[in-house]
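First comes the structure, then the notes that go with it.
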Amino acid sequence: MSELLHISGGPTKPEIIAVSLSKLDLSEGCTFYDIGCGTGAVSIAASKLARNIKFTAIDARQEAIEVAEKNFKNFGLDCVKLIHGESSQVLEQLPPEEKIDCAFVGGTKNIDAILKSLVKHKAGSIIVNAVRIETVVSVMNQMKELGIFDTITNISISRGYPITGETMFKPENPVYMISGKYSNIQGDKKC
Ligand SMILES: C[S@@+](CC[C@H](N)C(=O)[O-])C[C@H]1O[C@@H](n2cnc3c(N)ncnc32)[C@H](O)[C@@H]1O
């Protein structure tokens, strides 16, 4: 089993990836955008949940692209479209007919422009992971304005560690998951 290479800010913790992906409607052959892909850990985890996903992974950092490229190779993801660039610009330049089914946004710089483009491409299911409260509020408000807001969830995990032969827990920084569904624009929100 290959070891995932790390960089600063990544990988996203496995528990956070698991919950995030459970909120995306992954299905066989879907198109998946990993926005601010960092190490590529989210795409790698998604590849185990549905077959033939068409991956596009974008990051503005050269270091992230190099590490993601190695991780994709080591984990057998040989057909990821890996793009080095600012996501808002990459999305802006997509041809209008480009279909996006699912998007995981782990890098929130220029999130307003990113969300607008995702809606333009009718992205069915979007999850934004945010840790700064200002970003959380801004993403939630913008999703509401765009008509896609679905749910917001706060995930806090603590890890056990040994201390004098017993176990204590150390909390990780909480993560907010803001979910948007394109279907909410048509007003067919289920609850
Ligand atoms: C918290 S890390 C993501 C971790 C990643 N999910 C993983 O598992 O490794 C955020 C990443 O998003 C990238 N990023 C932030 N905003 C971006 C943007 N607007 N366009 C492209 N990359 C962006 C950063 O360079 C960084 O690598």
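FYI, the numbering just counts along the sequence from 1. Both ligands and their constituent atoms are indexed starting at 1 by order of listing.
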Candidates Met177, Met143, Gln142 - the one meeting side chain to side chain contact (heavy atoms under 4.5 Å, CB included) with Val128: Met143

Looking only at the side chains, is there a donor atom on one of Thr153 and Lys23 sitting less than 3.5 Å from an acceptor on the other? yes

Ligand-protein N/O pairs under 3.5 Å (ligand 1):
unit_1: ligand 1; atom_1: 6 (N); unit_2: Thr12; atom_2: OG1; d: 2.9
unit_1: ligand 1; atom_1: 8 (O); unit_2: Thr12; atom_2: N; d: 2.8
unit_1: ligand 1; atom_1: 8 (O); unit_2: Thr12; atom_2: OG1; d: 3.3
unit_1: ligand 1; atom_1: 8 (O); unit_2: Thr39; atom_2: OG1; d: 3.4
unit_1: ligand 1; atom_1: 9 (O); unit_2: Thr39; atom_2: N; d: 2.8
unit_1: ligand 1; atom_1: 9 (O); unit_2: Thr39; atom_2: OG1; d: 2.7
unit_1: ligand 1; atom_1: 16 (N); unit_2: Lys109; atom_2: N; d: 3.3
unit_1: ligand 1; atom_1: 19 (N); unit_2: Glu86; atom_2: OE1; d: 3.1
unit_1: ligand 1; atom_1: 19 (N); unit_2: Glu86; atom_2: OE2; d: 2.9
unit_1: ligand 1; atom_1: 19 (N); unit_2: Lys109; atom_2: O; d: 2.8
unit_1: ligand 1; atom_1: 20 (N); unit_2: Ser87; atom_2: N; d: 2.9
unit_1: ligand 1; atom_1: 20 (N); unit_2: Ser87; atom_2: OG; d: 2.9
unit_1: ligand 1; atom_1: 22 (N); unit_2: Ala60; atom_2: N; d: 3.1
unit_1: ligand 1; atom_1: 25 (O); unit_2: Asp59; atom_2: OD1; d: 2.7
unit_1: ligand 1; atom_1: 25 (O); unit_2: Arg61; atom_2: NE; d: 3.2
unit_1: ligand 1; atom_1: 27 (O); unit_2: Asp59; atom_2: OD1; d: 3.3
unit_1: ligand 1; atom_1: 27 (O); unit_2: Asp59; atom_2: OD2; d: 2.7
unit_1: ligand 1; atom_1: 27 (O); unit_2: Arg61; atom_2: NE; d: 3.3
unit_1: ligand 1; atom_1: 27 (O); unit_2: Arg61; atom_2: NH2; d: 2.9

Using a 4.5 Å cut-off between side-chain heavy atoms of Ile, Leu, Val, Met, Phe, Trp and Tyr, which other residues end up in the same hydrophobic cluster as Phe169? none

Would you call Arg159 and Glu15 a salt bridge, using N to O less than 4.0 angstrom? yes

Apply the test side-chain contact (heavy atoms from CB on, under 4.5 Å) to residues Ile35 and Ile114: give CA-CA distance (whole Å), side-chain angles for both, the deciding distance (0.1 Å), then the verdict. CA-CA 9 Å; Ile35 296 172; Ile114 290 170; 4.1 Å; yes

Have Glu66 and Gln62 got a donor and an acceptor in their side chains that come within less than 3.5 Å? yes

